[in-house]
Amino acid sequence: MATQQTGFSRKRFIVWMAALIIGSVIGTLEISWLNASCDFVAAIYTRLFKFISMPTIALAILTTLATLGDHKNSGRIFRHTIVYTVLTTLAASAVGALLYILVAPGNLPAALQESGTAAVQNQQSGIAVKSYVDHILSVVPDNLLTPLATNNVMGVLLVAAAAGLALAFMEKNDNVKTLIRGILGLQELLFTLIKALVWTLPLGIVAFAAQLSAQMSAGIIVGSLGKYVLVVLCGNVLQFFVILPLFMLIRKVNPLKVFKGMLPAVVMALLTKSSAATLPVTISSAENNLKAKPEVARFILPVCCTINMNGCAAFILVTSLFTMQNGGTPITLSTVLIWILISVLAAVGNAGVPMGCFFLTLSLMSGQGAPLWILGAILPIYTIIDMIETAVNVWSDSCICAIVDRELTESK
């Protein structure tokens, strides 16, 4: 059976770019009914992506682990995924730290404190800042449906992994074989729905682009805040265009080929600001455009979208240093090194949802007693940062998938 392509042919590329341009123009027109229509369409696509992303994660992990005995490379796939996740996340954090030291953004003026405090209070309304103990407890579900109902990515991952490993080690009687075949059939149904959703994406791109264009028509960033933004964005750009391609070149993978194949996922990450919501497109692009083996793509990408957060690590590190500096904490080399480690560990535990990094950093700084109004001052331009870092996260996931797929092919 021929596989339906979801990648960028010349025609598809033109359609997607045209949708992006049209949406951007609509957003700048400031026509209320048009903006409201785009918000409505964007909300529909956001709901559809949320609806399909959690089952995608669950079924991908479940089917891969359930058929562990059928794929002798499963253990190697997992080990390689963890190694490259740690290495790329550590590299992203280290690049952010180096840029922070070189650029050395100063402190924000006290005049921003009032507006920053109000912005943080608005974001915190109805959202409790969690400690690490609360965060760990929230991962462990108290019933089967809660992780899916609350979009708890780590909870879904835990339940799926437990069920998959249980099926892998159970005796393969007729009941177990039937159950596994049923789960595999459900996964194929899900991927058919994903293909249909990807086919309609131009409409969603118009809506997302209009929404973002309207949100980004804000004030000009200057002074120390501008330097902070420069550090965050430059760190992500270097990770995207230099560090990750170097990882691929070292492992003899063509970065340009991978980028061309994964461009649909990168664009969707940029627009949705959620690596979890982008996951269906990421898996589809990897399998159809890069020709990655399904057992590789369907295992690595759900795991990576949960733990491989390159852009988030850089944001956590730079924002934490900037916030603590404004609170009077001396930024010494030992402080930087400690926070590189903290940012890597925190990024691994972060959920791939919009503003996930912001709230995680807010929680970390609350525990440090740092001035939270700094995060409020950052908030108006966080939309841009969130877009870029999510694109970096998905690009990193794609790179790891391509590298591991090649390594497994070479080892045969």
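Remember, predicted model here, so these are calculated numbers, not experimental data. Just so it is clear, the values below take in all heavy atoms, side chains as well, and ignore hydrogens, waters and symmetry mates. When a residue number appears, it is its place in the shown sequence, counting from 1.
- Side chains of S285 and V281 form a contact here, defined as non-hydrogen atoms less than 4.5 Å apart.
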field: From CA spacing to verdict: side chain to side chain contact (heavy atoms under 4.5 Å, CB included), I183, L167
entry: CA-CA 11 Å; I183 295 171; L167 285 171; 3.9 Å; yes
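- Taking all atoms of both residues into account, the shortest heavy-atom contact from T85 to T89 is O-OG1, 2.7 Å.
- Using a 4.5 Å heavy-atom threshold, the side chains of M262 and L290 count as touching.
- Taking R298 as the reference, E188, E287 meet the salt bridge (Lys or Arg N to Asp or Glu O under 4.0 Å) condition, with sequence neighbours excluded.
- Counting only heavy atoms from C-beta outward, the side chains of M365 and S320 approach each other to under 4.5 Å.
- Between the side chain of S396 and the backbone N or O of N393 there is no donor-acceptor pair closer than 3.5 Å.
- With no hydrogens or angles considered, a side-chain donor-acceptor pair links Q325 and N107 at under 3.5 Å.
- Judged purely by atom type and a 3.5 angstrom limit, T28 uses its side chain to pair as donor or acceptor with the backbone of V25.
- Between atom CG of residue L244 and atom OG of residue S398 there is a gap of 9.5 Å, rounded to the nearest 0.5 Å.
- There is a side-chain donor-acceptor pair under 3.5 Å between T278 and T272.
- Close placement of the F315 and Y382 rings is indicated, their centers lying within 6.0 Å of each other.
- A distance of 10.5 Å separates CG of L246 from CG of L238, quoted to the nearest 0.5 Å.
- Between A402 and V258, the shortest heavy-atom contact is CB-CG2, 3.8 Å.
- Between K260 and L263, every side-chain heavy-atom pair lies at or beyond the 4.5 Å cut-off.
- Rounding to the nearest 0.5 Å gives a distance of 12.0 Å between CD1 of I403 and CG of L408.
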task: Evaluate the side chain to side chain contact (heavy atoms under 4.5 Å, CB included) criterion for residues V232 and L99: first the C-alpha distance (whole Å), next the side-chain angles of each, then the deciding distance (0.1 Å), finally the verdict.
output: CA-CA 8 Å; V232 174; L99 286 173; over 6 Å; no
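- As summarised for C304 and C401, their two SG atoms remain at a distance no smaller than 2.5 angstrom, missing the threshold.
- Residues in residues 81-105 take part in no ring-ring contact (aromatic ring centres under 6.0 Å, His included) pair, two or more places apart or across chains.
- Not one N or O on the side chain of N326 forms a donor-acceptor pair closer than 3.5 Å with the backbone of I374.
- Taking the side-chain hydrogen bond (donor to acceptor under 3.5 Å, both in side chains) definition, one finds that D39 meets it with Q211, sequence neighbours left out.
- If you check the side chains of S275 and D397, you find no donor sitting under 3.5 Å from an acceptor.
- Counting only heavy atoms from C-beta outward, the side chains of Y45 and T200 approach each other to under 4.5 Å.
- Under the 4.5 Å side-chain criterion, counting only non-hydrogen atoms from C-beta, P264 is in contact with N289.
- Residues forming a ring pair (Phe, Tyr, Trp, His ring centres under 6.0 Å) with F259 (at least two apart in sequence, or on another chain): W395.
- L337 places none of its side-chain heavy atoms less than 4.5 Å from the side chain of L341.
- Interatomic distance, I26 CD1 to L34 CG, rounded to the nearest 0.5 Å: 5.5 Å.
- When side chains are defined from C-beta on, I243 does not count as touching T88, because their heavy atoms never get closer than 4.5 Å.
- Rounded to the nearest 0.5 angstrom, I300 CD1 and T282 OG1 are separated by 13.0 Å.
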field: D386 vs K273, salt bridge (charged side-chain N to carboxylate O under 4.0 Å, His left out): CA-CA, chis, key distance, verdict
entry: CA-CA 6 Å; D386 201 14; K273 299 177 286 184; 5.1 Å; no
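- Remark: side-chain polar atoms of T319 are not paired, donor with acceptor, to backbone N or O of I316 under 3.5 angstrom.
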- request: Test side chain to side chain contact (heavy atoms under 4.5 Å, CB included) on I340 and L90 and set out the steps.
  value: CA-CA 7 Å; I340 286 176; L90 188 60; 3.8 Å; yes
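- With hydrogens and angles ignored, the 3.5 Å screen pairs no side-chain donor or acceptor of S284 with any backbone N or O of P280.
- Checking side-chain atoms of S343 against main-chain N and O of W339 turns up a donor-acceptor pair under 3.5 Å.
- Among residues two or more places apart in sequence or in another chain, the side-chain hydrogen bond (donor to acceptor under 3.5 Å, both in side chains) test is passed with T323 by none.
- Between the CG atom in L233 and the CE atom in M387 there is a gap of 10.5 Å [rounded to 0.5 Å].
- Shown here for G106 and F322, the closest heavy-atom pair between the two residues is O-CE1, 3.2 Å.
- Between the K291 side chain and the N288 main chain, a donor and an acceptor come within less than 3.5 Å of each other.
- Closest approach of C305 and L279 over heavy atoms only: SG-CD2, 4.1 Å.
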- prompt: Between V336 and T332, is a side chain to side chain contact (heavy atoms under 4.5 Å, CB included) present by the stated rule, with each step listed?
  reply: CA-CA 6 Å; V336 172; T332 62; over 6 Å; no
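- N236 and E389 share no side-chain donor-acceptor pair at under 3.5 Å.
- For the residue pair T81 and I400, the shortest heavy atom distance occurs at CA-CG2, 4.4 Å.
- Between I205 and M268, the shortest heavy-atom distance links the atoms CG1-SD, 4.4 Å.
- With sequence neighbours left out, R79 forms a salt bridge (Lys or Arg N to Asp or Glu O under 4.0 Å) with no residue at all.
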